[in-house]
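So the structure is just underneath, and the comments pick up after that.
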Amino acid sequence: MRMYSGRTTLSKFLIEQLNDAGDGGQLAGLLVDMAAAVKTIAAMTGKGALGGHYGGAGAANIHGEEQKKLDMLADEAIMDHCEWGGLVAGMASEEHEEPLQIPPDFQRGPYLLVFDPLDGSSNVEMNVSVGTIFSVLRHGSEAAPIERDFLQPGVRQIAAGYAIYGPATMLVLTVGKGTHGFTLDREIGNFVLTHPEIRIAPDSSEFGINTSNERFWEPPVQRYVSECQAGATGIRGRDFNMRWIASMVADVHRILMRGGVFMYPRDTKFPGKPGRLRLMYEANPIAFVVEQAGGAASTGRGRMLEVQPEALHQRVPVAFGSRHEIERIERYHAEYDGGTDKPYHSPLFKERSLYRTES
Ligand code: F6P
């Protein structure tokens, strides 16, 4: 029996999915280059302490966060793999304030690539799963792109995905035709389709949020989480489970595998920041992947993919996951904003009560 019979490699999958893209295979080519970068990063992170890559790079990024050596190496790996092929017009990374220009020796292509090279990297020395997140947009002109060209709402993404470097390395992506997961066969070096057509269940009983920030949250988020915590004795009428890995890719991957909700809401801890996560290379690509898997992605006050970006590194509040739960979170924000959530503040509302209309 042939070793790969019945299996679909990433290249085969992309050729089939994008045969009507009308771009001569360029998008497929770019995603294959991105997958090559992911393999390089998987090899580096997989060596752990033996790779000599742990520790700080001796600088902070524009967000004031310590850059790890691995952040910088992952960033370079993506640039090296994606800048040479004439497929991208420019790139933007969490690690660089300005968009990255394509070196003059290489041709520019039709796409913009935006990425977070190593999400959750503060966890890397604890050997917790980390990830890479990426988004592909179209560049509408021949000129070298400037920041304004990148500021397209998430609905304009033509591909997006993430890699998770866990016990297995996986690549999960969408080109707008469902969300699909590939597992790296380390011996052969191929990504193999193992999770076709991922679906997020519309209902769930699991939520993920950093509850140490509870006192800084807005009332609708406090309301949602306290109802989950009240479990079977509260208005939800069932027990909820809580999970927080503090590595968004790992938390989101769990939701894609078994449902649930991930939130990093607006809070007052850092009043100048409207949330922790970045719109262009964290929230939007994950929102595209989640929606294509039947889930929902929101700021709490509207669909994530419709937010008009104003800056490359702008932050945004996020709620991703099971559709009915995200709808509930949006409803709580609307009720709070409209001043119609007053009954919630009544003591009667906190337990099985007159106000309990659903479970
Ligand atoms: O974006 C950075 C990030 O590491 C995410 O991957 C993760 O979800 C979040 O920050 C963790 O935040 P906290 O440190 O508040 O748990």
Side-chain angles (χ1 to χ4, degrees), residues 38 41 45 54 56-57 60-72 74-75 78 92-97 114-135 160-166 170 172 206-218 221-222 225 242-257 260-287 289-290 295 297-300 304 309 311-321 329:
V38 163
I41 300 167
T45 53
Y54 278 179
N61 64 19
I62 61 143
H63 316 287
E65 298 157 349
E66 184 204 21
Q67 281 174 316
K68 300 269 182 185
K69 280 187 206 158
L70 274 168
D71 285 318
M72 302 316 294
D75 191 59
I78 296 172
S93 160
E94 182 189 19
E95 304 304 333
H96 301 269
E97 184 161 7
V114 189
F115 55 89
D116 177 354
L118 205 60
D119 180 64
S121 59
S122 61
N123 291 302
V124 82
E125 278 136 28
M126 275 70 77
N127 202 13
V128 169
S129 297
V130 291
T132 295
I133 312 172
F134 64 93
S135 161
Y162 65 83
I164 176 166
Y165 310 107
M170 284 189 68
V172 175
E206 199 160 78
F207 66 98
I209 189 166
N210 182 346
T211 50
S212 71
N213 292 328
E214 184 166 358
R215 67 192 184 282
F216 303 112
W217 298 336
E218 291 185 285
V221 175
Q222 288 173 337
V225 172
M242 203 282 281
R243 288 283 181 273
W244 186 249
I245 302 173
S247 181
M248 183 179 64
V249 160
D251 279 310
V252 164
H253 190 67
R254 184 186 60 252
I255 288 168
L256 281 150
M257 294 296 107
V261 165
F262 170 90
M263 274 185 284
Y264 216 114
R266 178 191 299 275
D267 65 38
T268 56
K269 192 173 180 182
F270 302 105
K273 297 178 183 170
R276 159 130 191 184
L277 301 177
R278 271 52 66 107
L279 175 63
M280 299 294 299
Y281 41 80
E282 291 181 315
N284 269 345
I286 298 295
V289 164
V290 165
S298 173
T299 63
M304 184 67 67
L312 197 51
H313 298 286
Q314 106 182 45
R315 295 173 191 260
V316 72
V318 306
F320 299 135
I329 291 164

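Remember, it's 1-based here, ligands and their atoms both numbered in the order they're listed. Everything numeric here is computed off the predicted structure, so don't read it as measured data.
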Query raised in the report: Hey, is ligand 1 close enough to V249 that some N/O pair sits below 3.5 Å?
Result: no
Requested in this report: Ignoring angles and geometry beyond distance, decide whether N210 reaches within less than 3.5 Å of ligand 1 through its nitrogen or oxygen atoms.
Outcome: yes
Query - D251 and ligand 1 - part of the residue with a heavy-atom distance under 4.0 Å - result: neither
Requested in this report: Considering only NZ, NE, NH1 and NH2 on the basic side and carboxylate oxygens on the acidic side, decide whether E282 and R315 come within less than 4.0 Å.
Outcome: no
Requested in this report: Look at atom 11 (C) of ligand 1 and say which protein heavy atom is nearest, naming residue and atom and giving the distance to 0.1 Å.
Outcome: A246 O, 3.8 Å
Report summary line: Heavy-atom proximity to atom 6 (O) of ligand 1 ranks first, among R315, E94, M248, for M248
Query raised in the report: Is any side-chain heavy atom of I245 less than 4.5 Å from a side-chain heavy atom of R254?
Result: yes
Query raised in the report: Is it the case that D119 and Y162 place a side-chain donor and acceptor less than 3.5 Å from each other?
Result: no
Query raised in the report: Can you say whether the rings of F262 and F320 are parallel (under 30°), tilted (30 to 60°) or perpendicular (over 60°)?
Result: parallel
Report task. For atom 1 (O) of ligand 1, grab the closest protein heavy atom and report residue, atom and distance to one decimal in Å. Result -> E282 OE2, 2.9 Å
Query raised in the report: Looking at D119, which atoms of ligand 1 are within less than 4.0 Å of one of its heavy atoms?
Result: 1 (O), 2 (C), 5 (C), 6 (O)
Report task. Can you measure from OG (S129) to OH (Y165) and round to the nearest 0.5 angstrom? Result -> 11.5 Å
Report task. With atom 3 (C) of ligand 1 as the reference point, say which of R278, M263, R276 has the nearest heavy atom. Result -> R276
Query raised in the report: For N213, is at least one N or O under 3.5 Å away from an N or O on ligand 1?
Result: no
Query raised in the report: Got a second to check how far S298's OG is from M263's CE, nearest 0.5 Å?
Result: 10.5 Å
Requested in this report: State, with a plain yes or no, whether a side-chain heavy atom of I41 is found less than 4.5 Å away from one of I78.
Outcome: yes
Query raised in the report: Is there a side-chain contact between S121 and L70, using heavy atoms and a 4.5 Å cut-off?
Result: no
Requested in this report: State the atoms of ligand 1, each with its element, that fall below the 4.0 Å cut-off from a heavy-atom position in L277.
Outcome: 1 (O)
Query raised in the report: Taking the non-hydrogen atoms of S247, is any one of them nearer than 4.0 angstrom to ligand 1?
Result: yes
Query raised in the report: Which heavy atom of the protein is the closest neighbour of atom 12 (O) of ligand 1, given with residue, atom name and distance?
Result: Y264 CE1, 3.4 Å
Report task. Looking only at protein heavy atoms, identify the closest one to atom 16 (O) of ligand 1 and say how far it is in Å. Result -> W244 NE1, 3.0 Å
Query raised in the report: Are L256 and V289 close enough that some pair of their side-chain heavy atoms sits under 4.5 Å apart?
Result: yes
